[in-house]
Amino acid sequence: PIGGFQYGFPAGLLEEHESIRETSVREMYEETGLEITRIHAISPPIYSSSGMTDESISMVYAECTGTPSNRWNESSEQIETLMVTPDEAGRMCADSQLIFDVKTWLVMTVFAKTGRLFYGA
């Protein structure tokens with residue numbers, strides 16, 4: 001929200017001639033200091049405001065390695081990386097005082113209930 005903080009996943013814009021895979025690797029490192037070691041799935045484009053805008057996102061499900069760092073954050077970014085268990089994710093999602101990006105809340109809810117980040121193989 002404007003003037004506040006919310007829980008979300010690393011995100012960014014595709015740069016010219018960059019694939020979603022390349023963008024996800026770059027953004028993960030820039031925003032968290034973590035390096036993607038394996039990508040499990042990339043969603044097709046998903047539209048969050050159909051009929052209002054043509055903006056789309058792709059969800060990337062990946063494994064990472066490294067130590068969280070905000071060294072590469074832009075000056076406008078205040079990012080803290082959290083690693084949570086399924087139980088912690090469930091408690092966070094149930095806390096009405098916390099503010100989530102919609103896709104983060106949905107993924108964390110699945111993680112809390114199943115211990116998995118997505119229903120795919």
Side-chain angles (χ1 to χ4, degrees):
I2 295 174
F5 295 95
Q6 74 175 14
Y7 289 90
F9 292 123
L13 299 174
L14 286 170
E15 293 187 2
E16 192 172 347
H17 306 297
E18 190 175 52
S19 68
I20 293 171
R21 180 178 298 269
E22 292 166 329
T23 299
S24 63
V25 168
R26 177 179 52 77
E27 288 292 340
M28 179 66 74
Y29 187 73
E30 288 175 1
E31 294 191 3
T32 69
L34 300 174
E35 294 183 43
I36 291 179
T37 57
R38 180 177 175 203
I39 293 179
H40 291 274
I42 299 174
S43 77
I46 301 167
Y47 298 87
S48 60
S49 297
S50 298
M52 300 295 289
T53 176
D54 64 356
E55 178 184 66
S56 68
I57 64 163
S58 289
M59 298 286 293
V60 177
Y61 297 88
E63 291 178 31
C64 299
T65 189
T67 302
S69 169
N70 61 4
R71 177 179 178 198
W72 302 109
N73 291 177
E74 295 180 19
S75 61
S76 62
E77 297 175 321
Q78 294 180 358
I79 298 172
E80 179 181 343
T81 302
L82 299 176
M83 306 290 194
V84 300
T85 65
D87 287 341
E88 291 167 328
R91 285 191 295 276
M92 290 173 71
C93 289
D95 186 340
S96 63
Q97 299 300 306
L98 299 180
I99 299 170
F100 291 91
D101 166 279
V102 65
K103 59 194 169 297
T104 302
W105 189 87
L106 291 170
V107 170
M108 285 183 59
T109 300
V110 169
F111 182 56
K113 291 180 186 222
T114 68
R116 299 181 63 186
L117 294 176
F118 64 104
Y119 287 118

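FYI, side chains are in, hydrogens and waters are out, and symmetry mates aren't considered; it's all heavy atoms of this structure. Numbering starts at 1 and runs along the sequence shown.
Residues Val107 and Met59 meet the side-chain proximity criterion, which asks for heavy atoms closer than 4.5 Å. Between Val60 and Phe9, the closest side-chain pair of non-hydrogen atoms is not below 4.5 Å. No side-chain heavy atom of Leu117 sits under 4.5 Å from any side-chain heavy atom of Val110.
Under a 4.0 Å N-O distance rule, the pair Arg26/Glu22 does not qualify as a salt bridge.
Atom CG of Leu98 is separated from atom OG1 of Thr104 by 12.0 Å, given to the nearest 0.5 angstrom. Atoms OH and CD, from Tyr47 and Glu55 in turn, are 10.5 Å apart once rounded to the nearest 0.5 Å. In this structure, the separation between CD on Glu15 and CD on Glu27 is 7.5 Å, given to the nearest 0.5 Å. Expressed to the nearest 0.5 Å, how far SG of Cys93 lies from NZ of Lys113 amounts to 9.5 Å. Taking CD of Gln97 as the reference point, atom CD1 of Ile99 lies at 9.0 Å (rounded to 0.5 Å).
When every heavy atom of Cys64 is checked against every heavy atom of Thr37, the shortest pair comes out as N-OG1, 4.0 Å. Nearest heavy atom pair, residue Leu13 against residue Glu18, reads O-OE1, 4.1 Å. The heavy-atom pair separating Ala62 from Ile36 by the smallest distance is CB-CG2, 3.8 Å. Minimum interatomic distance between Asp101 and Gly8 (heavy atoms only, all atoms of both residues): CB-CA, 4.2 Å. Shown here for Pro86 and Gly115, the closest heavy-atom pair between the two residues is CG-CA, 3.9 Å. When all heavy atoms of Pro68 and Met83 are compared, the closest pair comes out as CG-CE, 4.0 Å.
Ile46 and Leu106 fall within the same hydrophobic cluster, defined by Ile, Leu, Val, Met, Phe, Trp and Tyr side-chain heavy atoms under 4.5 Å apart, directly or through other members. Residues Val25 and Leu14 fall within the same hydrophobic cluster, defined by Ile, Leu, Val, Met, Phe, Trp and Tyr side chains chained together at heavy-atom separations under 4.5 Å. No path of Ile, Leu, Val, Met, Phe, Trp and Tyr side chains, each step under 4.5 Å between heavy atoms, connects Ile57 with Met28, placing them in separate hydrophobic clusters. Both Phe111 and Leu82 are assigned to one and the same hydrophobic cluster, defined by single-linkage of ILVMFWY side chains at heavy-atom distances under 4.5 Å.
In terms of the ring pair (Phe, Tyr, Trp, His ring centres under 6.0 Å) criterion, residue partners of Tyr7 (sequence neighbours excluded) are, by chain and number, Phe100.
Every pair passing side chain to side chain donor-acceptor pair (under 3.5 Å) that includes a residue from residues 65-76 is listed here, sequence neighbours excluded: Tyr29-Trp72.
Counted within 6.0 Å of CD on Glu80, heavy atoms from surrounding residues, nucleotides or ligands total 12 or fewer; the atom is thus considered open.
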